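One structure is given below, encoded as structure tokens.
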Amino acid sequence: MSYCAFALGAALGSGSAAAAEPKPPVEITGSPGNGVTVKVGDVFSFNARSRIQLRYQINVPPRDDQGERDFQQIVNIGTARLWFSGHVYRPELTYMIQLAIAGRDFRDGATSPIFDAYIDWKIHRDFNIRAGQFFVPFDRLRTVREFALQMADRPVPVGELTLDRDAGITFYSENFLGKESPVAWRLSAFGGGGTNLTTSREPGALLVGRLELRPLGKIDDDSEGDLDRRKKPGLAFGGAFAANFNTNRLRSTTGATFLGGTTDYLHAAADLVFKWRGFALQGEYLWKRADVDRIESTDEDGNPRTEYTRSGQGTVFQASYVFDPPIEVVARFSRLYAFGGTDPKLVSEVESRGQEIGVGLNYYFNKHKMKLQADWIARMPHDFDFEKANHVAHLQLDATF
């Protein structure tokens with residue numbers, strides 16, 4: 001029997017081949033800002049997106065003793081990201097990988113481009129799991145992703161006091177005990193050392209708990225501004241506590257690595273988000289305390305070595321209004337405080353630029369997925385001494401494809 005005849009007989013027969021289930025259809029879709037998605041029935045999907053940020057920055061420091069200013073500018077691709085996401089086996093089991101490939105993204109001596117790499121299993125309305133490397137679910141102003149920010153830089157207190165990405169596991173629910181429930185919770189355990197660790201260290205752990213309340217219903221509190229000019233007001237409150245045991249990082253999960261020992265950091269955060277008819281308000285309080293102010297040790301030559309930990313607190317307020325067409329104005333005020341006995345470098349930074357005032361103007365072509373941003377930020381002592389302010393201005397095009 002020829003191959004063609006055999007194939008025809010198999011196709012017309014009543015055997016197992018005839019009873020085989022048809023392959024799931026393959027669907028390919030795409031749109032600006034959302035990338036390209038390949039979907040194979042309910043068993044698999046793959047989305048690819050990319051983002052770049054063309055950035056101009058000029059720094060204007062205070063005048064020196066001769067009355068001169070040393071202007072500095074940067075023109076670069078501030079950020080370049082690749083996202084790969086989708087689901088596998090079933091729609092409830094999703095994955096996401098984010099690669100950061102611009103030079104500005106490689107901080108603290110990082111050698112790996114991996115920012116996010118996790119799987120997420122939505123088991124039940126009241127209990128879900130995420131495992132991998134991702135934002136520690138601690139405070140709102142840090143977990144808002146960079147592409148959804150209203151200003152080019154995050155507030156100073158956030159950079160100093162928050163928790164960054166780490167590798168671990170989170171258990172959570174977005175609507176606890178009811179489909180329309182305003183309560184969300186998160187309980188997490190991480191390694192405590194930050195991202196992309198390649199060397200071993202003493203055992204430790206970062207434990208985090210966060211509770212959220214959205215009393216007026218759903219709100220997009222993971223994206224800054226009210227770009228939808230929502231007709232119904234939205235309000236979200238959040239609070240979190242974290243303990244990072246036996247960490248060797250200067251800022252708990254980021255910064256330099258201690259050479260002579262470890263410390264324990266306690267963290268607390270409270271935040272709110274309000275949005276209505278184009279107006280948006282964000283507020284946040286952050287607190288961080290190390291169990292010791294200094295780590296004493298000796299170097300290789302037997303000489304005494306002192307390393308300081310960094311403890312402090314801070315507040316941030318940011319308000320904005322979106323006009324129609326989509327032009328937005330935004331203003332920010334923040335303050336950073338250093339606790340007594342903490343790192344003298346932190347004390348000096350707070351004394352010179354612990355207060356932050358900024359304004360911005362944004363134009364949205366495709367909401368946060370394509371926007372032109374301009375802002376000015378002044379960082380100065382707490383007495384509003386503009387003569388001692390360090391000014392920075394940005395102009396940037398942020399585009400997701």
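For clarity, every value in this text was computed on a predicted model and none was experimentally measured.
Between the side chains of D153 and H394, at least one donor-acceptor pair of N or O atoms lies under 3.5 Å. For the 3.5 Å distance criterion, the side chains of N248 and T262 fail to qualify, holding no donor opposite an acceptor. If you check the side chains of D70 and Q72, you find a donor sitting under 3.5 Å from an acceptor.
Nearest approach of Q396 to A152, heavy atoms of both residues: OE1-CB, 3.6 Å. Shortest non-hydrogen contact noted between V330 and Q150 is CG2-OE1, 3.9 Å. When all heavy atoms of A236 and I219 are compared, the closest pair comes out as CB-CG2, 3.9 Å. Taking every heavy atom of both residues into account, P61 and R69 meet most closely at O-NH1, 2.8 Å. The two residues A319 and L281 come nearest to each other via the heavy atoms CB-CD1, 4.1 Å.
The backbone N or O of P381 sits nowhere less than 3.5 Å from a side-chain atom of E351 that would complete a donor-acceptor pair. Side-chain N or O atoms of D226 include one that pairs as donor or acceptor with a backbone N or O of G278 at under 3.5 Å. Within the 3.5 Å criterion, the main-chain N or O of S252 finds a donor-acceptor partner in the side chain of T247. Looking only at distances, no side-chain donor or acceptor of T143 sits under 3.5 Å from a matching main-chain atom of P137. Not one N or O on the side chain of T253 forms a donor-acceptor pair closer than 3.5 Å with the backbone of L163.
A salt bridge links D221 and R140; the closest N-O separation between the charged side-chain nitrogens and carboxylate oxygens is under 4.0 Å. A salt bridge links K275 with D220; the closest basic N to acidic carboxylate O contact falls under 4.0 Å. Taking 4.0 Å as the cut-off between side-chain N and carboxylate O, E349 and R379 do not count as a salt-bridged pair. With respect to the salt-bridge test (charged N to carboxylate O, under 4.0 angstrom), the residues E160 and R154 do not qualify. Using a cutoff of 4.0 Å between basic side-chain nitrogens and carboxylate oxygens, D398 and K371 are not scored as salt-bridged.
Judged as a salt bridge (Lys or Arg N to Asp or Glu O under 4.0 Å), and not counting sequence neighbours, R289 has no contacts. With sequence neighbours excluded, no residue forms a salt bridge (Lys or Arg N to Asp or Glu O under 4.0 Å) with R230. Applying the side-chain hydrogen bond (donor to acceptor under 3.5 Å, both in side chains) rule to K367 yields the partners D228; only residues at least two apart in sequence or on another chain are considered. By the side-chain contact (heavy atoms from CB on, under 4.5 Å) test, N34 pairs with S31, K369, sequence neighbours left out. The salt bridge (Lys or Arg N to Asp or Glu O under 4.0 Å) search around D116 returns R145, R165, not counting sequence neighbours.
One finds the CZ atom of R305 at 10.5 Å from the CD atom of E296 (value rounded to the nearest 0.5 Å). With rounding to the nearest 0.5 angstrom, the CD atom of E328 is 3.5 Å from the OH atom of Y364. The OG1 atom of T94 sits 9.5 Å away from atom CG of N128, with the distance rounded to the nearest 0.5 Å. Annotation: the span from D120 atom CG to I129 atom CD1 amounts to 9.0 Å, rounded to 0.5 Å. Atom OH of Y56 is separated from atom CG of L54 by 12.5 Å, given to the nearest 0.5 angstrom. To the nearest 0.5 angstrom, R51 atom CZ is 11.5 Å from L82 atom CG.
Other residues, nucleotides and ligands contribute only 12 or fewer heavy atoms inside 6.0 Å of the NZ atom of K388.
The shortest distance between side-chain heavy atoms of L346 and L336 falls below 4.5 Å. Under the 4.5 Å side-chain criterion, counting only non-hydrogen atoms from C-beta, F115 is not in contact with T195.
Annotation: F135 is not in aromatic contact with Y118 [ring centroid separation under 6.0 Å not met].
Seen from the ring of Y265, K288 counts as a face-on cation partner, given the 6.0 Å and 45° thresholds.
The aromatic rings of F46 and F84 sit parallel, their planes meeting at an angle under 30°, below the 60° perpendicular limit.
Among pairs with a residue in residues 79-93, those fulfilling side-chain hydrogen bond (donor to acceptor under 3.5 Å, both in side chains) read S45-H87, T79-E146, R81-Q98, R81-D105, R81-E146, at least two apart in sequence or across chains.
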